[in-house]
Amino acid sequence: MLSEEEIKILLKRARLFDRLRIESGMAADAPLPEEYQHLMELADELDISREALHEALTEHQQVPIQDPIPVNTGSNNRLEVLGFARGRLTPDALRELKASAEYFFKQNGRMTTRNNKGIWRAMPDGFKSIFSVYKSPKVMFEQSGDLISIKAQRNVKSYNNFYPISLFFGFASVMIITVLLFGEVDDSGAAVPLTILSAMSAGISFFVHKMIRRRKEKHRERLFELVEVLQQTLERKFKAKMTFTKTKPQIEIEDEQLDLEEIEHLSVQAVKAKH
């Protein structure tokens, strides 16, 4: 049995799915199990479509997905993650996929489609358009039958510009140690500040190098999270094959202010909870 809180969440999610939907890609009638009849009656009273309700239930039951895999790009400048999911690139699915990508990259983008493919590209504004790390994000979808491949990419070349700083301080630290070991330092009082300077240079070199690796790894983890959310979205829609029906509301309800970011935020939390 669903708790009162779970019912509220399911109905709210179903309303969000309804608002994101442009048109239905479902044709088969898939009635809900008897244990959800009360939930179906509430959805009818709130003018929530059966298709959206089925999607919310499918998501609530946790959609199983294949783990995304990293792609060896052969370059230190580009990150790429690949995933697969069952589904169809319908207009409403593409709209939700676009919203997910924009939420994860925190910037607007453009979705273009051609034949059985869809490509989302980031469209940063202002100063962000200068840096490749902001303007490079791209997500590609390709459908083959009921299987869709998802490939998320991001260029991290901008971070490589910090490597010379790490190398400079690392080289400086080595040179100072060489002077201390093999040079002629007559003043014993000079050895202490030189040692401190060498340690500081080595620390800066290590910190900068670690910062670069950490930033790149964070972007990689975000790509994995994004692909998982996109997989769940497509799998959820694929499983929720119900007739797109609409009934007139039987009770008055107060409208809520909902936005696209809310649905993506809850999807992210679901992915994180799985791990």
Side-chain angles (χ1 to χ4, degrees), residues 67-83 100-109 120-139 150-230 261 264-265 267-275:
D67 291 335
I69 56 176
V71 177
N72 184 6
T73 62
S75 170
N76 195 34
N77 298 332
R78 192 172 78 251
L79 302 176
E80 190 171 305
V81 175
L82 176 67
S100 296
E102 291 179 347
Y103 174 82
F104 266 81
F105 292 116
K106 301 189 185 304
Q107 56 188 2
N108 294 326
W120 179 88
R121 289 184 174 89
M123 305 288 290
D125 338 349
F127 78 94
K128 288 186 175 181
S129 60
I130 303 174
F131 302 99
S132 61
V133 70
Y134 292 113
K135 64 183 181 181
S136 66
K138 182 167 64 173
V139 185
I150 307 166
K151 189 180 293 183
Q153 297 178 347
R154 186 162 204 170
N155 192 307
V156 290
K157 184 178 179 180
S158 299
Y159 293 113
N160 293 340
N161 297 330
F162 292 96
Y163 275 124
I165 298 176
S166 176
L167 292 173
F168 171 79
F169 282 99
F171 179 75
S173 176
V174 171
M175 291 302 296
I176 294 173
I177 292 175
T178 302
V179 170
L180 288 172
L181 293 177
F182 305 105
E184 295 182 0
V185 182
D186 298 330
D187 187 1
S188 59
V192 175
L194 285 175
T195 302
I196 295 175
L197 183 60
S198 175
M200 290 178 61
S201 298
I204 294 174
S205 175
F206 175 79
F207 173 78
V208 173
H209 188 269
K210 187 174 182 180
M211 180 200 71
I212 297 171
R213 291 180 62 86
R214 184 178 298 173
R215 293 297 297 175
K216 287 185 176 182
E217 189 58 34
K218 183 178 180 181
H219 284 307
R220 189 188 302 277
E221 290 174 358
R222 291 286 291 169
L223 286 181
F224 270 95
E225 290 178 6
L226 171 60
V227 172
E228 285 183 338
V229 170
L230 298 178
E261 286 195 358
E264 306 310 330
H265 175 70
S267 297
V268 173
Q269 297 305 316
V271 170
K272 290 184 176 178
K274 186 185 73 169
H275 296 292

Is the closest side-chain heavy-atom distance between Val229 and Tyr103 below 4.5 Å?
no
Just how far is it from atom OG of Ser158 to atom CZ of Arg215, taken to the nearest 0.5 Å?
11.5 Å
Using side chain to side chain contact (heavy atoms under 4.5 Å, CB included), reason through Asn160 and Lys216 one step at a time and then give a plain yes or no.
CA-CA 10 Å; Asn160 293 340; Lys216 287 185 176 182; 2.6 Å; yes
Got Arg154 and Leu223 here, is their nearest side-chain heavy-atom distance under 4.5 Å?
yes
Are Tyr163 and Asn76 close enough, and set up right, to give a side chain to side chain contact (heavy atoms under 4.5 Å, CB included), and what steps lead you there?
CA-CA 12 Å; Tyr163 275 124; Asn76 195 34; 4.1 Å; yes
Whether Lys106 engages the ring of Phe104 as a cation-pi pair (distance to the six-membered ring centre under 6.0 angstrom, angle to the ring normal within 45°) should be assessed.
no
Does any non-hydrogen side-chain atom of Lys138 lie less than 4.5 Å from one of Trp120?
no
Enumerate, atom names and distances included, each donor-acceptor pair closer than 3.5 Å involving a side-chain atom of residues 195-206, sequence neighbours excluded.
residue : atom : partner : partner atom : Å
Thr195  : OG1  : Ala191  : O            : 2.7
Ser198  : OG   : Ser173  : O            : 3.2
Ser198  : OG   : Ser173  : OG           : 3.2
Ser201  : OG   : Leu197  : O            : 3.0
Ser205  : OG   : Ser166  : O            : 2.7
Ser205  : OG   : Ser166  : OG           : 3.3

Interatomic distance, Ile69 atom CD1 to Leu82 atom CG [nearest 0.5 angstrom]:
4.5 Å
Gap between atom OG1 of Thr73 and atom CZ of Arg78 - 0.5 Å precision:
5.0 Å
Could you measure the distance from the CZ atom of Arg214 to the NE2 atom of His209? Nearest 0.5 Å is fine.
12.5 Å
Would a 4.5 Å heavy-atom cut-off, applied to side chains only, mark Glu228 and Pro68 as touching?
yes
Under the side-chain contact (heavy atoms from CB on, under 4.5 Å) test, residues paired with Glu221 that sit two or more places apart
Glu217
What's the separation between atom CD1 in Ile176 and atom CZ in Phe171, rounded to the nearest 0.5 Å?
10.5 Å
With the side chain counted from C-beta on, respond yes when Pro137 and Gln107 share a heavy-atom pair under 4.5 Å apart, and no when they do not.
yes
Ignoring hydrogens, what is the shortest heavy-atom contact between Ser100 and Leu226? Give both atom names and the distance.
O-CD1, 4.0 Å
